[in-house]
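Reviewing the structure listed below.
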Amino acid sequence: MSRSDCRKTFIKNSLPTLVAGWLVVGIVCLLSTGAQAQSAPPTPPALWHDQARTLRYRPDGSDFVITNGNKRFTRALYGTNTAFRVETGDLPEFALYLPGMGGNFKLGLLVDGQSKWLIEADSIEARYRPGAMLYEVKDALLGAGKLQLEVLAQADAEGMLVRATFDGVPAGKVRLLWAFGGATGKKFSRDGDIGADPESNFYLKPEYCQGNVFELKNNTFRLTFGAPPKPPKNEALVAEAASKKPPVAIIPAARPTLTGVVPPTSETHIADATQQASPAQLYASQNSTTPVLTGAIKVKAGEALYFTIQKPETAAPRYNELPQVWTRAEAARQKLANRVRVQTPDPYINTLGGALSIAADAIWQDPAYLHGSIAWRMPLNGWRGAYTADPLGWHDRAQTHFRSYAKSQLTSPAVGPLVMDTALHLARHQEKLGTAVFSSGYISRNPGGDFRPHHYDMNLVYIDALLRHLRWTGDLTMARELWPVLQRHLAWEKRNFDTDNDGLYDAYAAIWASDALQYSGGAVTHSSAYNYLANKVAAELATRLGQNPEPYQQEATKIHQALNARLWMPGQGWYAEYQDALGLKQLHPAAALWTVYHALDSDVPDAFQAYQALRYVDTSIPHIPVRATGLPDEGYHLLSTTNWQPYDWSINNVALAEVLHTTLANWQAGRTDEAFKLWKSALLESMYLGSSPGNIQQVSFYDAHRGELYRDFADPIGVASRTLLEGLFGIVPDALGGILTIRPGLPAAWNNAALSVPDIDFDFKRQGQQDAYTITPRFAQPLRLRMQVQAQADDIQSITVNGQPGKWQALEAAVGQPVIEINSAPAAKYEVAITWQGAAPDTAAIAPVYAANSQLEVRFPHATITKVFDPQKALRNATPNGSTLTAQVIGSTGARTAFVQLRQGGLSWWAPLPFEIQDAVKIIAEKAPSRMACGFGYRIIRKI
């Protein structure tokens, strides 16, 4: 068939056919073989990165459990808020990181001339109990017996503790072999983190053992390794030593050491690290140029065997003291892991409390929060790690963090010249103190008065976290102390990033995603939103501190008006990413996630705008399915940060913090179902599907370029803390205003949920039509309660607060779901009981897609429509008639949202009408045609 014949066939067969109210358009043009077009079998979902996934870990109480996993060195155990850690994983082989490679500790079995490394055992159940790793090992060499193995980081020293207990093994038959060595002190490129450094970095490699020197004494040892640390560069000290008569020599530092204690019954000697094919081979070998320490212990059923290896700054304990050392370490672990306790009907959520507590502690190292617990373990005033402090009750750490960075704020010069970096082709400001960016108000990224220029504006996130801290604690003493810091910051932002005084701010590397972002002096939504909230809260603080609030209130008003006048796109229903500073000053409509969630988090949009902006995320941001063997397919998905192409680092990622912050925006907008689905999707993918149990990762496996990357990273830890408290449980204190707002974001299907953190206990139980909330606050000052609850029925039989009739009102401005508000004076405990009655609130039954110019009709079974709000002008002749709305769908194609105000029973609220407008006829390619055929698929669109 010729191309012209194919075209004629297309024209002939492309007449629309109306069938039973549906418009069907489509043709298929094939080679003239006589064969009829047949439907192809459904294509299975494509595998991301061509890799099938499995639900690796399963929840068991607070534990993450895997049987016969295959990962080593993927779960870090932290102990002392330093860079020291113990590396563990699915398999029982361990390593120390000092930082720098601190050696590998491995175990094996010796039974009747046979031997096997533990990682090769027949059955290994690994259990991450936040802060500890526990293993149950079974193998044919043990017969009916088993080995219980536990690993902890010490609580009061930088060291590892291992406890081994055998059950059901005959006395004198089984020997436990251990081996330790391979310390080099060498740091890895990202300190041995997953996705950046290979697992093999932590293996017991013979080359690592070269230069290791072991000194044995009874059941203790000392290992000397690596090169001596380099002395700090101190020219004054060198000059002073040289000036002495006679000159004083500077004694070089000694090589680093580690000390160890093993069971007294261990038969220990130095072996050859090249002989590791089996435990028996290693134990039979002798000292060499690649020495490794090994020992064998005859085990007894029920006897606990202890091992410890630690840095020498703390004196090593005696063996008989190790049970007490273990008890202290376990008590410290339990105290930390129980700092946050979560109990819900969903076992995948109940593990979060311990995992989050441990991870949040790991990113703290006095005097500041760090960028990551492993990779990028460095203090930063940004990004969002410091958000974790107040939700998890570490107000003292928050104060230390904010005060230490306040010391690093420049106070001079008042202004500086604008000097671009010519070496980097004018891509950024020259990093030189005294220039415009590095002038009064700039906060250096190192704490404690370490003044250095750096190519980020971390001021915005630091100030945002500080202001949220002050709202959470109501600490006016600290507010007064740091008021000058806030004043200088706001003046610095205005001077550098709103040079034309129009109320809209440029963004200069101001958020986590900013590495590849630049706006060329444009008017940017996310940075303007940050500055809006900062000025708004500054005005509130000024009033309480006896300062003049007017300049800050005026600036907040100017920013808010400018955002809505210039960056809000009413026809589309979301904020533009930015507006060009030059030329035609065009809007860039393809907003990123950070544009949406920062606007909501900074209180910029009203409720209608918030819902519309999140509909943009629903319909225009890529949704990536999260599927795995063992995980029910319930629509779990993640989001990429943008829909931009081509891919570049930081501007099109699948990053946990970005997804979590978007869930927070959904909760803030009252979209509970959407928030929880996305939130659980993100936690499942990070904590259960990834390489590390309970991990709070930086970047997801689904990231198109980097894949799974980093463990226990600060940004997602900070946002996870906020989403747990402010989102799922809806706990939002404003101690400056004296109000405790609680707006639970629990899934409607849950009949119970409880949370305990240092500042508050929350308990929810539902029985039939009665919801009972018990709230026990422990904030620094009494707060009056403002509780906002999504209605479960259209009327209320009774509400009591602490046994007395409670005051309540329906929030008529609520969008999405009807909401009631309950208010109460401050109390030591709030017991709120709500008894619902009547029908469930109506929801809009609306088709997802309408053809342009077709008719839309919506009927509500119980509710009456009182008003219509059509901000995107997508409806013509919208006529409410009791419980029915009819209208004509108009406008350009794309996702649209209108709203109707409903009244049902004692409630009134605004119900969204989300739909998509499509062309009445659309021809799409079913698949790419071959060279020998032309083909078209079909699209079916509802004809009203």
Aromatic ring pairing F214/F180, orientation class (parallel under 30°, perpendicular over 60°, tilted between)
perpendicular
Compute whether any side-chain donor of one residue and acceptor of the other, for D90 and Y57, lie under 3.5 angstrom apart.
yes
Among all residues two or more places apart in sequence or in another chain, which pass the side-chain hydrogen bond (donor to acceptor under 3.5 Å, both in side chains) test with T74?
none
Test of ring centre spacing under 6.0 Å for F188 and F202
yes
Would you say T351 and D63 are linked by a side-chain donor-acceptor pair, where the criterion is simply a distance under 3.5 Å?
no
Please work out which of the three classes, parallel, tilted or perpendicular, describes the rings of Y203 and F73, given edges at 30° and 60°.
tilted
Aromatic rings Y283 and H269: how do their planes relate, parallel, tilted or perpendicular, breaks at 30° and 60°?
perpendicular
From Y78 atom OH to L336 atom CG, the distance as rounded to the nearest 0.5 Å
11.5 Å
Going by an N to O cut-off under 4.0 Å, is there a salt bridge joining R711 and E87?
yes
Donor on one side chain, acceptor on other, Q698 and D715, under 3.5 Å
no
Pair N695, S686: side-chain N/O donor-acceptor within cut-off below 3.5 Å:
no
For D272 and T274, does a side-chain donor sit closer than 3.5 Å to a side-chain acceptor?
yes
Tell me every residue that passes salt bridge (Lys or Arg N to Asp or Glu O under 4.0 Å) with D139, counting only those two or more places apart in sequence or in another chain.
K116
Let me confirm one number: the CZ-CE distance from R75 to M133, rounded to the nearest 0.5 Å.
8.5 Å
Among R333, R397, K335, the one residue meeting salt bridge (charged side-chain N to carboxylate O under 4.0 Å, His left out) with D361:
R397
Could you tell me if N104 and Y208 have a donor-acceptor pair between their side chains, going purely by distance under 3.5 Å?
no
D703: salt bridge (Lys or Arg N to Asp or Glu O under 4.0 Å) partners, not counting sequence neighbours:
none
Would T290 and N212 satisfy side chain to side chain contact (heavy atoms under 4.5 Å, CB included), going step by step from the backbone distance to the final call?
CA-CA 8 Å; T290 55; N212 281 195; over 6 Å; no
Whether K173 and D112 form a salt bridge (side-chain N of Lys/Arg under 4.0 Å from carboxylate O of Asp/Glu) is what I want to check.
yes
Between R127 and E125, is there a side-chain N and carboxylate O pair less than 4.0 Å apart?
yes
Just checking, any donor-acceptor pair under 3.5 angstrom between side chains of Q276 and Q281?
no
